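Okay, structure first, notes after.
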Amino acid sequence: MSQACTLAVVVDAPQHSALREALSYLSDTAWPAGTLVQVPLGRRMVCGIVWPAAAGDPEPGVELRPVAAALDTLAPLPPHWCNLVSFAAGYYQRSVGEVALGAVPPELRRLDNKQLALRLKRLARLTPPGGAAPVWPDPTPEQAAALRAWREAGTQPALLFGSTGSGKTEVYLRAVADTLAAGRQALVLVPEINLTPQLEQRFAERFPDRLIVSLHSGLTPAQRLRHWLAAHLGQADIVLGTRMAVFTPLPRPGLIVVDEEHDPSYKSQEGARYSARDLAVYRGRLEQCPVLLASATPSLESWHQAERGRYVRLSMPTRIGGGVLPTVKFIDLNHVPRAAAHHEALTPPLLAALGQRLERGEQSLVLLNRRGYAPVLHCLECGWKSGCPHCSAWRVFHRSDRSLRCHHCGYTERVPRACPDCGNADIRPVGRGTERLEEQLAEALPGARVARIDADTTRAKGALEAELGRMHAGEVDILVGTQMVAKGHDFRGVTLVAVVNPDAALFSSDFRAGERLFALLMQAAGRAGRDAAQAARSEVLVQTWHPAHPLYQALRTHDYEAFAASQLAERAMAGLPPHAHLALVRAEGRTQEGAQAWLQAAADLAGVPQGVTLYPPVPMSLQRVANIERAQMLVEAASRPVLQRFLADWVPALHGLRGDHKGLVRWAVDVDPLAI
DNA sequence: AGCACGCCGACT
DNA sequence: GTCGGCGTGCTC
């Protein structure tokens, strides 16, 4: 057989291997870029993708091997898809192959042409469910204005800034309708899997004769492949998914929506640490299609872009149906009796407010961002605390199964009867989590039906739906939960949202903690009074030692814009994003010194240009996890291009740094990190 | 990452 | 005498 040409092929090689670029293979057919192929790599056969760019020069003396098979019954991945992947790989400093193969359903990698043909045939069974003709409510004047402005914006990204309950979803449902009418596909990103079913439902009602598919990690491998194929082949008109869906190949893209665009879940925290929101914006520019970012509390990055005129801002300040935003009140912990303030989550004013709801038959939501019974156990005799032997963290006391659990490495033991150090029987829980709060509420308000939703109660499949169902059915009076319940769920009967004590975020070393707290509280406030009739007596109660804090004052007046302005001013002063651009280099090793030594060696390799600052290596705030020591080094740059140029020169050189750093386990670069 | 090869301890 | 520990090195 003649081997007519050489092809550039990317394979799934991790960043740590030397294989950063495409490899060269021989082929008798000039398969077009985007074709999936099977190629020999070392002693195994792997899935690769024919790549548009030229391959790196093979090492001299390497004999090229032939492509073993091509999955040519599948339409090649479109050129723009390859461009998006190449960009993401370059921007986030990963190999193209890792990003490319990571963006393809795992199931697809294993199929040959024959198996694929079978799946493609079965695809025909995916059809729109049909159903009653949809009811499109008349847009409010605000929604109509937002849509007009959006249509005029063309392909310029738009930031839909609408308060909770202003009907943002209605706006992007209309935008999707426009897109479908023009014969294009719409991609809608949501931050969490939990939020896909209800949104899918809503889309299905509006577009009964269109095929809607979802893409997220909760699907079975077969479902994921089927949905991905439906999108890639243009059969699906609407793709709804989590961050991974930003890479869905679409033959006729017409709109990308990023719902709750401020949500940190859009930033991947492992592997290639990409931001799906930022990639969505890039993809929009690449494919000349509009991008709609929606939030009641936009990320400061997006808000900044809108302020600079890069994004079109569509504002919708008014709640639909005349609903007003709930009153925000503060319980000043300085003014409640000292013992109550320090030892009880439930102050008299909070209990009174909850009692009032009980009498009126209304529901309450109590938020506490800490699961378990108590974050730590403490021996009153010798001072022992329930530290994790493998991590620099406390193990959390879970009363339900009487366990001490490390939330970082998973190390779990039964709670000791007595102090393991001194044998004293008096060991006590310190602080409180949702379990304890649930218990205290039940004690303080006998007869109240108290329920709890957090990662522990919703582990089982369908458990979250079941609990939400009970809440909606009015079978629960008080729902205790972590931020999980603050997101997206529409609780009609809730007239009180209480936040037990969110002060820690005010003084956190994480520069985004304030932004996150504000978004969480605004979102939580949005849970109350969705029903206009109850809006007037709906309130948010925040227990705090610092009621005068500017963040809380902005919350009181629901004034995101004032909050954003003050935060942006602070960030400018401190040289933080979006006014500066950051990257973190992280190293993990057997010892802290070893991890830092590797970072120092990396720093010594860098030719630091004008506009870039390299800070010294420091231990990470969570210094040790599962007996691995972690350190990091901050890179700060005045602009994105300066940072990108620096990283492009520097990071590839770090691969050759292994040698005399024996204890080093791994290292990685995090571009645009969420926390430093 | 896989998956080799490679050189030193307790077992059929 | 082998089975196997995971150190280090390569993959077009």
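In the text below, chain A, chain B and the rest are named by the order of the sequence lines, each starting its count at 1. Here the structure is a predicted model, which is why all the values come from computation and not from measurement.
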### Pairwise salt bridge (charged side-chain N to carboxylate O under 4.0 Å, His left out) hits with a residue in residues 634-648 of chain A, at least two apart
A/Arg640-A/Asp672

### Query
Rounding to a whole Å, what distance do you find between A/Glu98:CD and B/dG2:C1'?
15 Å

### Query
Mind checking what makes salt bridge (Lys or Arg N to Asp or Glu O under 4.0 Å) contact with A/Arg277, not counting sequence neighbours?
A/Glu261

### Query
Can you check the A/Arg43 CZ to C/dC10 C1' distance for me, whole Å?
8 Å

### Atom pair distance, as rounded to whole Å: CH2 in A/Trp667 and P in B/dA1
12 Å

## Note on the structure
Taken to the nearest whole Å, NE2/A/His655 to C1'/B/dA1 is 14 Å

### Query
Which whole-number value in Å describes the distance from A/Met45 CE to B/dC3 P?
13 Å

### Between C/dC12 (P) and A/Leu26 (CG): distance, integer Å
11 Å

### Task
Identify whether any heavy atom of A/Arg65 sits under 4.0 Å from a base atom; if not, whether one sits that close to sugar-phosphate; answer base, sugar-phosphate or nothing.
sugar-phosphate

### Query
Taking CG from A/Asp12 and C1' from B/dG2, how many angstroms apart are they, rounded to a whole number?
11 Å

### Query
Nearest 0.5 Å, what's the CD1-CE distance between A/Ile676 and A/Met620?
12.0 Å

### Message
For A/Arg395, is there an ion pair with A/Glu413 - N to carboxylate O distance below 4.0 angstrom?
### Response
yes

### Task
Round to a whole Å and report the spacing from CD of A/Glu270 to C1' of B/dA1.
15 Å

